[in-house]
Undergrad: 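The structure that follows is given in the form of structure tokens.
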Amino acid sequence: QVQLVESGGGSVQAGGSLRLSCAASGRTFSTYTMGWFRQAPGKEREFVAGIRWIGRNTYYADYADSVKGRFTISRDNGKNMVYLQMNSLKQEDTAVYYCASSGEGTRSYNYWGQGTQVTVSS
């Protein structure tokens, strides 16, 4: 069982920045695939960014096309934390953002946080 707690959401004007944080439980966090998803009102939940372990101390990050070049996902395995740095925010980035984790032994997202609201105004 992996527990996830997000923080860092809020309101910002378009063009601004926010950093989301996610604290995760688990003894083998460094091997978990971690990701961020979002859900805007009236829309389905969508993938934003993910970072997965590909061996030794190497991780691979991927992004939705809509956020490439603006968002950066990172992790601190010593603290069991994953972050989402969001720059050049747009109104269409407004959504509830969810942290997700695979847990041990899989790359599928099996665990979800409670979500944190990000609101971008014009």
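Heavy-atom basis, side chains included; hydrogens, waters and symmetry copies ignored.
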Undergrad: Do Tyr98 and Tyr83 land in one hydrophobic cluster if side-chain heavy atoms of ILVMFWY residues count as linked below 4.5 Å?
TA: no
Undergrad: Does Glu44 CD have over 12 foreign heavy atoms under 6.0 Å away?
TA: no
Undergrad: State whether the side chain of Thr116 and the backbone N or O of Gly9 hold a donor-acceptor pair below 3.5 Å, judged by distance alone.
TA: yes
Undergrad: Are side-chain heavy atoms of Gln13 and Ser122 found at a separation under 4.5 Å?
TA: no
Undergrad: I'd like to know if the side chain of Ser101 and the backbone of Gly103 have a donor-acceptor N/O pair within less than 3.5 Å.
TA: yes
Undergrad: Are the side chain of Asn80 and the backbone of Ala23 linked by a donor-acceptor contact shorter than 3.5 Å?
TA: no
Undergrad: Measuring from atom CG of Leu84 to atom CE of Met34, what distance do you get when rounded to the nearest 0.5 angstrom?
TA: 11.5 Å
Undergrad: Cationic tip of Arg45 within the cone over Trp112's six-membered ring, i.e. under 6.0 Å and within 45° of the normal?
TA: yes
Undergrad: For a quick test of reading the model, state the closest non-hydrogen atom pair linking Leu89 to Leu18 and the distance between them.
TA: CD1-N, 3.8 Å
Undergrad: Between Ser102 (side chain) and Thr33 (backbone), is there a donor-acceptor pair under 3.5 Å?
TA: yes
Undergrad: Looking only at heavy atoms, which two atoms of Phe29 and Asn77 are closest? And how far apart?
TA: CE2-OD1, 3.3 Å
Undergrad: First locate atom CZ of Arg75, then atom OH of Tyr32, and finally report the distance between them rounded to the nearest 0.5 Å.
TA: 10.0 Å
Undergrad: Starting from the C-alpha separation in whole Å, work towards a yes-or-no answer on side chain to side chain contact (heavy atoms under 4.5 Å, CB included) for Thr119 and Val12.
TA: CA-CA 6 Å; Thr119 303; Val12 65; over 6 Å; no
Undergrad: Report yes or no: do Glu46 and Gln39 form a side-chain donor-acceptor pair below 3.5 Å?
TA: no
Undergrad: Between Ser17 and Met86, is any pair of side-chain heavy atoms under 4.5 Å apart?
TA: no
Undergrad: Roughly how far apart are Ser7 OG and Met81 CE, rounded to 0.5 Å?
TA: 6.0 Å
Undergrad: Say whether Ile51 and Tyr109 are linked into one hydrophobic cluster, either directly or through other cluster members, by side-chain heavy-atom distances under 4.5 angstrom.
TA: no
Undergrad: Heavy atoms only: give me the nearest Ser30-Tyr59 pair and the separation to one decimal.
TA: O-OH, 2.7 Å
Undergrad: Is the backbone N or O of Glu104 less than 3.5 Å from a side-chain atom of Thr28, with the two atoms forming a donor-acceptor pair by type?
TA: no
Undergrad: Test: salt bridge (Lys or Arg N to Asp or Glu O under 4.0 Å). Region: residues 92-103. Which pairs qualify, not counting sequence neighbours?
TA: Arg38-Asp93, Arg70-Asp93
Undergrad: Do Glu6 side-chain atoms and Gly115 backbone N/O form a donor-acceptor pair below 3.5 Å?
TA: yes
Undergrad: Return the CD to OG distance between Gln117 and Ser11, rounded to the nearest 0.5 Å.
TA: 7.5 Å
Undergrad: Shared ILVMFWY cluster between Val82 and Val118, side chains joined below 4.5 angstrom?
TA: yes
Undergrad: Might you point out which heavy atoms bring Gln114 and Leu4 nearest each other, and give the distance in Å?
TA: OE1-O, 3.7 Å
Undergrad: Hydrophobic clustering (ILVMFWY, side-chain heavy atoms < 4.5 Å, transitive) - are Tyr111 and Trp53 grouped together?
TA: yes
Undergrad: Just wondering, do Arg107 and Arg52 contact through their side chains at under 4.5 Å, heavy atoms?
TA: yes
Undergrad: Less than 6.0 angstrom separating the ring centers of Tyr63 and Phe47, yes or no?
TA: no
Undergrad: What about Phe71 and Trp36, are their ring centers closer than 6.0 Å?
TA: no
Undergrad: Please, which pairs that meet disulfide (SG to SG under 2.5 Å) have at least one residue in residues 47-122, sequence neighbours excluded?
TA: Cys22-Cys99
